[in-house]
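Worksheet: the structure to be examined is printed underneath.
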Amino acid sequence: MSIIVNHLTYRYNPGTAMESTALDDINLKIEDGEFIGLIGHTGSGKSTLVQQLNGILKPTSGGVYVDGADIGDDGYDLKKLRGEVGLVFQYPEHQLFETDVFKDVCFGPKNLGLTQKETELRAYEALKQVGIADEYFYQSPFDLSGGQKRRVAIAGVLAMKPKVLILDEPTAGLDPKGRDELLDKLTSIRQDTGCTIILVSHSMEDVARYADRIVVMHKGRIAFDDTPMEVFKHRDELKEMGLGVPGITETMYKLKDAGFPVSTDIITVDTAVTEIMKVLGR
Amino acid sequence: MLRDITLGQYYPAESVIHRLDPRVKLLGTLIFLTSLFITKSFYGYIPALLFLIFIIKASKVPFSFMVRGMKAIAFLLVFSVVLNLFLTQGDVVFTWWKLKITKQGIQTAGFMAIRLTFLIIGSSVMTLTTTPNNLTDGLEKGLGFLKIIHVPVHEISMMMSIALRFIPILMEETDKIMKAQMARGADFDSGNMFKRVKALVPLLVPLFVSAFRRANDLAMAMEARCYRGGEGRTKMKPLKYHRRDAIGYLILALYLGVIIALRILLK
C-alpha cells in the first residue's frame with residue numbers, strides 16, 4: 001500500500017486572524033513495509049501531517065494519494081481507509097471508554113462492519129500482539145496501569161489490521177522499560193504482519209535504533225528525508241532545529257574533537273564500541 | 001458549532017472600556033439591562049440605543065463580534081417574536097386564515113425583539129471587554145458585602161473562574177477524542193437520531209474521565225500551594241478605582257436618570 005503526499009499545504013483557521021500554516025508544500029512517498037521515523041520539534045507539523053494520511057484533516061491545497069486514489073475525492077471510502085491506515089494518537093489511553101478491555105478493542109473492527117466472530121478473533125489477536133495477558137481481558141480499562149492502558153489502546157487500532165500503522169509519540173510518559181518493551185513489540189508486529197510503520201518521535205535514540213528511514217520536519221516543511229546514517233550527518237543543522245543527534249553519535253563527535261581519529265558516522269552503541277576498539281588498536 | 005458560542009469570550013484591545021474596573025462594568029450591565037425593562041414606550045429605547053452605540057464605539061470591538069453572539073439566540077428571538085405577534089389579544093389590524101395580528105401584538109413583539117437584542121449585545125460588550133479573571137475578581141469584590149450574611153463569595157467566584165477557564169480546554173479535548181475515535185472508524189455524523197446519540201458514548205465517556213482527572217490534578221496543585229479558601233487571601237493585582245471609573249459611574253447615573261425621567265414623562 002503506497003501513500004503519496006503531493007504538494008500538500010495545510011493552514012489552521014484559514015481566513016481568520018488566527019490563521020497559521022502548519023504544513024507547507026509537503027512531498028512524500030511512503031512505500032510498502034518501511035519503518036519511518038518522523039521527527040521534529042514541537043509545533044513542526046508532525047502530528048498535523050500524520051492526521052492528513054488517514055483523512056482526519058483535509059488539506060488546504062495539494063493532496064494525499066493512497067494506492068493511486070485521491071483520498072480527498074467525494075465518495076472516497078474514508079472509513080475503509082482508516083482501517084487500512086491505523087493512527088494511534090498521542091496518549092491513546094485517553095480514548096478508552098468501554099466497560100472492559102476486550103470490548104474496547106472490539107470497537108475498531110466492529111466499526112469496519114466485520115462479523116461478531118471476526119471482530120472477536122481480531123481483538124484477541126491484537127491483545128496478544130501487544131502482550132496483554134488473558135486475565136486482564138474482562139477488567140475495566142480504567143483499572144489498568146499506565147503502560148497497560150497504552151498497550152490496550154494500541155491494540156484497539158491494531159485490531160483493524162492496518163497495512164500502515166502510524167504512532168504519534170507512543171512512548172511519551174512511559175518509563176524506560178515500558179518504552180523498550182513497546183518499541184520491541186512494534187518491531188515484532190512489523191515482522192509478523194509486514195505492515196508499514198510510521199513512528200512520530202522526539203527521541204533520536206529511538207528512531208536511530210528502529211527506523212530505516214528518517215523524515216525530519218521543521219516549521220511545516222520537510223528538512224531531511226533519508227536513512228538515519230545520512231540524516232545524522234547533519235549534526236549542526238539538526239541542533240539549530242532544536243533536535244540534535246543520538247547521544248552516542250554526539251559522543252563520537254566529542255571524541256573526534258578531543259583528538260581521537262574515530263568515524264562520526266555512527267548511530268548505535270554496538271558499532272560505536274567496535275569503532276572505538278579499532279581506533280584504540282585492541 | 002461549539003465554537004460559535006461567544007459566552008465568556010474575550011476580545012483583546014486597548015480601550016477605555018477594557019481598562020474600566022470590572023465592578024463599573026458589572027453595575028453598568030445591570031443598570032443597562034434594568035433600563036430595558038423600565039421603559040414602556042418606543043422612545044424610551046432611543047437613549048438605550050445611543051448608550052449602546054457609544055459603548056460599542058468606545059470599546060473598539062468590531063461590531064461583527066457582537067452579532068456573532070446573536071446567532072446562538074436567533075431561534076429564541078424569532079420564536080418569541082412570532083408567538084407574541086400572533087397570540088396577543090387586542091385590536092385586529094390584519095387577518096389571514098385563522099391568524100390574527102393585533103396592534104398590541106405588534107407592539108409586544110417589537111418590544112421583545114428590541115429587548116432581547118439589546119440584552120445580548122449589552123452583556124456581550126461586558127464579556128468581550130473583560131477577561132474572565134477580571135470579571136470574577138469584580139464579582140468577588142463587588143458582592144463582598146454578602147459575606148456578612150455568610151455567602152461564600154470567594155468560593156463562588158473561584159468556581160466560576162475555574163469553570164470559565166476549563167471551557168476552551170474541554171473543547172480542545174473533545175476535538176482530540178473525536179479525532180482519535182474517528183481513527184478507529186467511529187462515525188459521528190450519519191445515521192438516525194438513535195444511532196447518533198449512541199455514537200456519542202465513545203466521546204462522552206473519555207471526556208468525563210478526563211474532566212475528572214483534570215479537576216483532581218488541579219485540586220492537588222492548589223493544595224500543594226496551600227490554597228485554603230478566601231480567608232485572609234491577598235491579591236497580586238488588587239482592584240483599585242481610578243478617575244475613569246468615577247467618570248464611568250457618573251455616566252451610568254446620568255443614563256439611569258434619563259431613563260427614569262423618560263418613564264415618568266412618557267406615560
Side-chain angles (χ1 to χ4, degrees), chain A residues 12-13 16-18 47-48 50-57 77-99 103-114 119 126 140-142 149 153-160 162 164-168, chain B residues 1-6 9-14 60-65 67-68 71 128 166 168-191 195-217:
Chain A
Y12 279 107
N13 307 311
T16 67
M18 276 95 76
S47 299
T48 315
V50 294
Q51 286 175 36
Q52 300 280 348
L53 300 182
N54 70 349
I56 284 207
L57 293 179
D77 191 352
L78 279 175
K79 221 176 196 183
K80 190 166 156 261
L81 174 73
R82 284 172 194 159
E84 285 172 344
V85 180
L87 173 56
V88 180
F89 275 82
Q90 259 177 62
Y91 298 101
E93 59 272 26
H94 292 178
Q95 75 192 28
L96 301 171
F97 70 97
E98 272 290 5
T99 45
K103 270 195 207 156
D104 204 285
V105 178
C106 284
F107 182 68
K110 208 165 85 189
N111 283 330
L112 293 181
L114 301 171
T119 300
S140 162
F142 300 105
K149 274 189 204 166
I154 292 174
V157 173
L158 273 179
M160 300 198 292
V164 179
L165 179 63
I166 308 172
L167 301 109
D168 195 350
Chain B
M1 188 195 82
L2 278 170
R3 301 191 186 276
D4 284 339
I5 298 172
T6 46
Q9 205 179 52
Y10 175 67
Y11 183 92
E14 272 295 316
K60 291 184 185 162
V61 177
F63 188 66
S64 63
F65 253 84
V67 184
R68 210 174 287 177
K71 269 191 212 156
L128 282 167
F166 266 52
I169 292 178
L170 286 181
M171 224 120 89
E172 205 173 290
E173 192 88 7
T174 312
D175 193 52
K176 253 192 224 157
I177 297 169
M178 215 156 162
K179 278 182 182 167
Q181 305 297 27
M182 271 159 72
R184 294 210 282 163
D187 192 348
F188 293 106
D189 20 54
S190 64
K195 256 192 175 161
R196 278 190 201 203
V197 171
K198 228 181 132 189
L200 286 180
V201 174
L203 177 63
L204 291 179
V205 174
L207 193 62
F208 271 105
V209 172
S210 105
F212 281 120
R213 192 184 53 239
R214 280 179 193 284
N216 198 22
D217 288 352

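Here is the naming used below: chain letters follow the sequence lines, and residue numbers restart at 1 for every chain. The basis for the numbers below is simple: all heavy atoms, side chains too, and nothing from hydrogens, waters or symmetry mates.
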Residue selection (most heavy-atom pairs with chain B, distance under 4.5 Å) from A:Lys80, A:Gln51, A:Arg82, A:Met160: A:Arg82

Heavy-atom contact with chain B under 4.5 Å, split by part of A:Leu78: neither

Do B:Arg184 and A:Asp104 sit within salt-bridge range, that is, some charged N less than 4.0 Å from a carboxylate O? yes

Cut-off 4.5 Å, heavy atoms of chain B, and the answer for A:Leu87 is both

Can you tell me which portion of A:Phe97 sits under 4.5 Å from chain B's heavy atoms? Options are side chain, backbone, both or neither. both

So do the side chains of A:His94 and A:Phe89 get within less than 4.5 Å of each other, counting heavy atoms only? no

Give, as side chain, backbone, both or neither, the part of A:Tyr91 having an atom under 4.5 angstrom from any heavy atom of chain B. neither

B:Phe188 CZ: over 12 foreign heavy atoms closer than 6.0 Å: yes

For chain A, the option from B:Lys176, B:Arg213, B:Met178, B:Glu173 that forms the most heavy-atom pairs under 4.5 Å: B:Arg213

If you count every heavy atom of other residues, nucleotides or ligands that lies below 6.0 Å from A:Lys149 atom NZ, does the total exceed 12? yes

Given a strict heavy-atom distance threshold of 4.5 Å, which part of A:Glu98 is in contact with chain B: side chain, backbone, both, or neither? neither

Where do A:Ile56 and B:Ala183 come nearest, in terms of heavy atoms and distance? CD1-N, 3.8 Å

Minimum heavy-atom distance between B:Leu207 and B:Ile177, given as atom pair plus value: N-CD1, 3.8 Å

